[in-house]
Amino acid sequence: MSENFEKEINKTFDGALTALVVASIAIVVIGGLVQVSFGAFTMSLEQAWRAVFDPKVITNPDVLLALLLGNEIPVDLSSETTVVWSLRLPRVLVGILVGANLAISGAIFQAVTRNELASPYILGVSHGAGFAVLLTLIVFSGLSVFLPIFAALGGIVAFIIVYAIAWKGGTSPVRLVLAGFIVGTIFYSFQRGLFFFAPDIGVVQTALAWTTGSLTGTGWEQVRTVLIPTLFIVPVSLVVSRQLNLLLLGERTARSLGMSVERVRFMLSALAILAASAAISVAGIVSFVGLIVPHIVRNIVGTDYRKLVLGCLFAGPALVVGADVGARLALNPIQVPVGIVTGLVGGPYFLYLMRKRQKLGEL
Amino acid sequence: MSENFEKEINKTFDGALTALVVASIAIVVIGGLVQVSFGAFTMSLEQAWRAVFDPKVITNPDVLLALLLGNEIPVDLSSETTVVWSLRLPRVLVGILVGANLAISGAIFQAVTRNELASPYILGVSHGAGFAVLLTLIVFSGLSVFLPIFAALGGIVAFIIVYAIAWKGGTSPVRLVLAGFIVGTIFYSFQRGLFFFAPDIGVVQTALAWTTGSLTGTGWEQVRTVLIPTLFIVPVSLVVSRQLNLLLLGERTARSLGMSVERVRFMLSALAILAASAAISVAGIVSFVGLIVPHIVRNIVGTDYRKLVLGCLFAGPALVVGADVGARLALNPIQVPVGIVTGLVGGPYFLYLMRKRQKLGEL
Amino acid sequence: MSERTADDRERKTDGGMVTERDEREVDNEGKTNDRQKSGTASELRGGDLEIGYPDSGIIVECESIIVPAGEITAFVGPNGSGKSTLLKAMSRELHPESGVVQLDGEDVHSLGTKTLARKLGLLSQENESPGNLTVENLAYHGRYPHRGFFESKTEEDHEAVERALELAGVTHLRDEEMGSLSGGQRQLAWIAMVLAQDTDVLLLDEPTTYLDLRHQLRVLEVVRTLAHEEDLTIGIVLHDISQAARYANNLVALRDGEPYDWGPPSEVVTEELLADVFGVEATVGIGPEGPVVTPRRPL
Amino acid sequence: MSERTADDRERKTDGGMVTERDEREVDNEGKTNDRQKSGTASELRGGDLEIGYPDSGIIVECESIIVPAGEITAFVGPNGSGKSTLLKAMSRELHPESGVVQLDGEDVHSLGTKTLARKLGLLSQENESPGNLTVENLAYHGRYPHRGFFESKTEEDHEAVERALELAGVTHLRDEEMGSLSGGQRQLAWIAMVLAQDTDVLLLDEPTTYLDLRHQLRVLEVVRTLAHEEDLTIGIVLHDISQAARYANNLVALRDGEPYDWGPPSEVVTEELLADVFGVEATVGIGPEGPVVTPRRPL
Amino acid sequence: TDGNGEGKQTSTDGTGTGDGTTQSGPYSVSMEPVGKVEFESVPKTWVANNGSWADMGVALGLEPPKAVWLTSRYHTQYYDDIPGVSVDKSGMRDLSSDGVNKELFYELDADIHVIDPNFLMNRFDGWNQSDIDEIKKKVAPFFGNSIFSHSYDFHKDYKYYSLYEAFEKLSKVFQRTDRYEKFASLHDEFESNVESVVPKKKEDRPEVAIMWATGNQPKSFLPYLIGEGTSFKQWRSLKVRDALANTSVQDFHANRGKVDYETLLEIDPDVLLLRGHEQQSAKEFQNTVVSFMKDHNVASKLTAVKNGDVYRGGPLYQGPITNLVITDRAAKQVYDVSEPLFDREKVADIVSG
Ligand SMILES: Nc1ncnc2c1ncn2[C@@H]1O[C@H](COP(=O)(O)OP(=O)(O)OP(=O)(O)O)[C@@H](O)[C@H]1O
Ligand SMILES: Nc1ncnc2c1ncn2[C@@H]1O[C@H](COP(=O)(O)OP(=O)(O)OP(=O)(O)O)[C@@H](O)[C@H]1O
Ligand SMILES: [Mg+2]
Ligand SMILES: [Mg+2]
């Protein structure tokens, strides 16, 4: 049995997947190093790295805990250490977590809807969240502290509406996609409507940044917010990869093999929505990652979801962290939303792949 | 042969299609009456109708021609007559033409891509056009007179890029849709990027209005712009309905029946793009019409494209003119973009249909 | 033979079938292992079934249908006579408008989906293949109902898949993608998947479609072995009546959604049946392996 | 029979086929109208063909293949032997790596797509049906190559469709949607579509799939009528060798992508062929309508 | 020096036949880019481009305009300070609502449109010269200049007016130059009061950073450079130093990117001025935004936060009255001035004639 398990692992981690994972980790590490070393606050590389290994922080569990939990920091830290530890490092972490969640969410939705265009935002989530953000900013501006939560809630509500409408003694991928698209567009119309009531440019800018996806201003608070769901999402998504594989065989076959297709589809959608909402709540709607990462990974490791989910777990963070280097440093000290960079980097790369490979895009 | 033709007509105009056409015409006529009668400029119903039948206009071909061709009007008209004849009436006409173009374009794209989510904007057109609009407003603001043309050009360029990328010794619906989606998203990222260079919020809002679709401010000039392509698009789309039907059978069958699938697909896409661009050039990106009208019509008349195209020709204008009544008058004196209303009216109606009918959404 | 209806049906359904069967089995070959059966084979039974599709009326009506334990029951009948519809209802793919389907006395609708899938496997008439799935992976999907939510593949899964590939004769195609197989090869891969499911009951809807003669025979031999050596209960739809007569223990002939006749092939397969049910003029001879049908012409 | 290879092939391909055929026809029934042929039937010929799929190597290799004018040529062979691949290449669905396919002496690749579709119809082995298309509308699609860009349906279209529905035996299903048909009914609808195409050459890949006995015979009778009364040239893939022998004028047996033997059924269908090509032990008897194959067991 | 040159009463053209006096009969006033505009009689009803022009009208004692671009951006709470002056926006219409509706111009039927026609033609699609001509002919003339921004492309070729120059023009149109004169002298006086509270030495004047901060827990900001526009008039008058001037941070108009606390820490301004909080009172601002920053790990390291020098940053539009109110407030913020710098009664008197 354990020998068997080993065989299994060996079979899963074939050359392609291993290469992908290694490359992704390399990108994340290099991206992280760059992010930690450079930024608007002037310090030398040496200072930056001294700050990373500042003994006041790394030898003091209280400080680490205080950072992570958002408590008052018990000692007085230098500006350098503060910048590195409460701005630069957590931002990299948020990027990793957001990337992983989005990629997994997209991979799941592509299986559930059997639609090659499915992304984490397919079931109305992004526009639901965007609408909630605008509503909060414009109508309930007193509650803007809860923006992330409202955003995630907006996404979830949209998803529930979509499911309720698509349900007709069962759903079907086509019904789900269509209802998701329409509900999304309705929310988008509302959103556009609200734009016209925006009192000032700041609100418009904030809303745009939200709906474009941005890591600017993220810190340990965001790490906390997204880490908890991620700790649940990642292991579960690895476990359900078998279900995902089976769903791709089509409903009828899946059912005859004893899968409760409706239940599984709902649970998987809920999982994907949870992942998308976790990402949305800290980074807004980062476009593209959830759509193209699964396609790229699939192109490398094949359609087996055991490999695909694993690959997404690494490739997603690589794209987001890599893009965020550009978002933060390209026009330093001005920062652009990372969602723009993911689009501008990931999109053309995807098109390049598409030109090279015939099969890209098939599920 | 003529008896045969009559049979054919009778078969095409079955009860469902006839009912749809009659209902659509009724909506357009009623919507038109309302539009002509009410508005920001206060006048009584009687005044409005006296203005419609102002003998200075309707008995004077010179005036009518001057209106249509945009020449100097040879006589002096009252404010009421001016408002009705140069603001309210042409707006209804533009609505009709835009609706017909969008619905036909959507119907064609749904057949070409065999994707139930296809809309006139599927192949990157909308974001290409949106990008061109922003570029014009922000970078080449001196040329903003040509905004409509640039918008249409932007859409066409995006379409060409999409085709070039999807082409790989032939295309496939999946490749087209995917390339369209990605190219669209890249343009969207550029668009968002340009937002960050907008000189002020007004430009942002103008761009948003464009990308939401609006009939505000349309007049005879817009009627002229969209009428010419429409006179070509409508008859051709009726003729190609047979090709569309065959495409739905799948590529292999279509090819074995002697269709040059690639050529036909390209020509049909070009036709649909032309229709979309014509609409975009006068009304911006009116969401939803092109997506849901074909679905609704299909649900009523069935999947035969001969009926479908005909139905779309009438139902599209009904939705746009109806929605524009709302856009112009619902929050009078505040006008909202018609694109928002088409979303808010058409969307829920579509969801309602979806709840009622099992098969809605299938091609 | 159309006069042999109501009473016959009565006689055959009220449990008398088992004894009848025993007699029948004598005149069928391949029964050598029959008597060594453990007796734990499952029986599938439908009662008072009325079956239809959402938008259609009742399509199949059937007072009583039995797929006896450990035997091969062949369903024959013209196109559109309701064979697939009946099989769908028996495997719970279709919910009958009325009536019950029982597996070993239990209503199939009361069983958990996975439980049922461990006991009953269905090969559909038409299967859509995801093009880039390999044959082996398809077969592994057959193990789905045997694995818990958190379990990974076990040695048992492995063995079952190997055996299924072997039985279906696609071991050499294991790493091929479905999209690059011929129609017959694809059909065999689907058969391997159902076999890997390792169930007590197998319902096979035209498993010999697309297959060449050799593979047809192979599949039917495998089916016979499974029934007679491993005590599986098998329902199979076939269009080739000679084959049905040769391999099945029982034959159910359907016409217009109703059972027209059933019983051992030697009794059911007659020139009258071929004319009445199939609308074919044919001669029925007796060959060494049961009735042999030589079709002449459509009526 | 495996020793009968290279030289035999030589002998058969160098134009000697026509005379040979004339002799053959004598011992085949259904030839009554044969002599009334107008002589305008089309002939389909392939030379030096090497056929493969984009990602595969060469799958079918064939020096010379002829589907003679006005006759029925049956392609038989085990699963994966390349029958469908060959048919795809002959109908231009697949571009051969090398070699040419000629229709009446003209390279099919030089013909316009519509021109070809007016002359040659192909029924694929597997067809995906759009669920909500009616049978009649499907048949009308068969008329596509006959209509100009701006033409609407003519009386001729109408008649061709009626006749095709009639021939395929689906007149009563004309208004049914494809999604609510049984597998066999759907297959008949596809056959109707190809018949409506009204071509000189018909290539049918396993047209009897899913069909019941009666419909199988009906379809084959229709094919015979078309060939012998209307001078159509027909290539047909069949798995049932008895049927192939009974209805075809010529038989082409494929093995591993190469023609193993061809000629009139009475010559080609032997116990040796069944063992060599199909791996089946069978007895070949002579029935009133040609060779009768009684399979025994897979080898 | 005052980059805008407000208060310099330069009579640049003098083409107006009604200069300085109230008289009836036809007269004309000219202004770039509309040129010479003829008036048969003094306009009564009017439409204004935005809060700046509207405020000028209020200062001239006119009825508020019937419409402005967006009423939501015309902050009238600044009038609360001035006895007897208040503006009721409830009947005021938005010109901009999904573009500009021509029909609305017919409906409003104003006597003058204080809008730069270039603004209509370039900022929104649908309007071109023929539309402008139609409205000019059928309704009323346009008289305006987009004085508040240097960044419009259409602005390049014509004259740029300062606030008071524009104010003067408008006063001529409405034949209320007397009020303009009084405001001009009040403004001169005010400017010298301001001058007196500004420290002489440059080093004594704080470095300020102006940022847009959305919400009560801002973590990212849109930076502004103190520029030529009217919206920075108070900061120019107070001669504060711009903390961003010598950094690579660009005005977000040039590049709408955001900055985060790292940038703020790098700049570390003496005073942090946050825009986008004008609807809050000073106290509300303290209790929300400022207290959030005090608790924030990084923000609490900022000098401005430590010293309690985080303030609301002022609105986008200013007219003659609002400029006084806002500058007064700004002086309190940066120099702790306790005495009012202008006499509110006096403003009230001028307005009421
Ligand atoms: N999804 C469906 N909806 C409505 N009617 C259906 C559906 N599927 C099949 N039918 C109808 O039910 C009847 C029986 O169909 P079924 O598929 O059970 O036939 P069958 O005996 O399996 O035929 P075949 O040998 O052709 O597979 C047919 O008349 C068919 O038209
Ligand atoms: N799309 C494809 N790509 C690659 N290889 C293919 C493809 N389709 C078929 N093949 C291979 O080509 C060979 C011949 O296939 P073909 O479909 O021609 O066989 P066939 O004689 O029609 O068999 P069957 O009786 O099962 O239909 C097979 O070995 C198959 O694996
Ligand atoms: Mg069936
Ligand atoms: Mg084949």
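Chain identifiers are assigned alphabetically (A, B, ...) following the order of the sequence lines, protein sequences preceding nucleic acid strands; residue numbering begins at 1 within each chain. All figures in this text were calculated on a predicted structure; none of them were measured in a lab.
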| Greater than 12 external heavy atoms within 6.0 Å of B:Tyr163's OH | yes
Would you mind reporting whether [Y] and [X] have side-chain heavy atoms less than 4.5 Å apart?
| X | Y | value |
| --- | --- | --- |
| A:Ile186 | B:Leu351 | yes |
| B:Tyr352 | A:Ile165 | no |
| B:Ile182 | A:Leu291 | yes |

| task | Give, as side chain, backbone, both or neither, the part of A:Ile161 having an atom under 4.5 angstrom from any heavy atom of chain B. | result | neither
| said: Tell me which of these, B:Trp167, B:Tyr188, B:Phe288, has more heavy-atom pairs under 4.5 Å with chain A than the rest. | reply: B:Phe288
| query | Using a cut-off of under 4.5 Å for heavy-atom pairs, which of B:Ala166, B:Pro348, B:Ser287 has the most such pairs with chain A? | reply | B:Pro348
| query | Roughly how far, to the nearest 0.5 Å, is the OG atom of B:Ser189 from the CD1 atom of A:Ile340? | reply | 6.5 Å
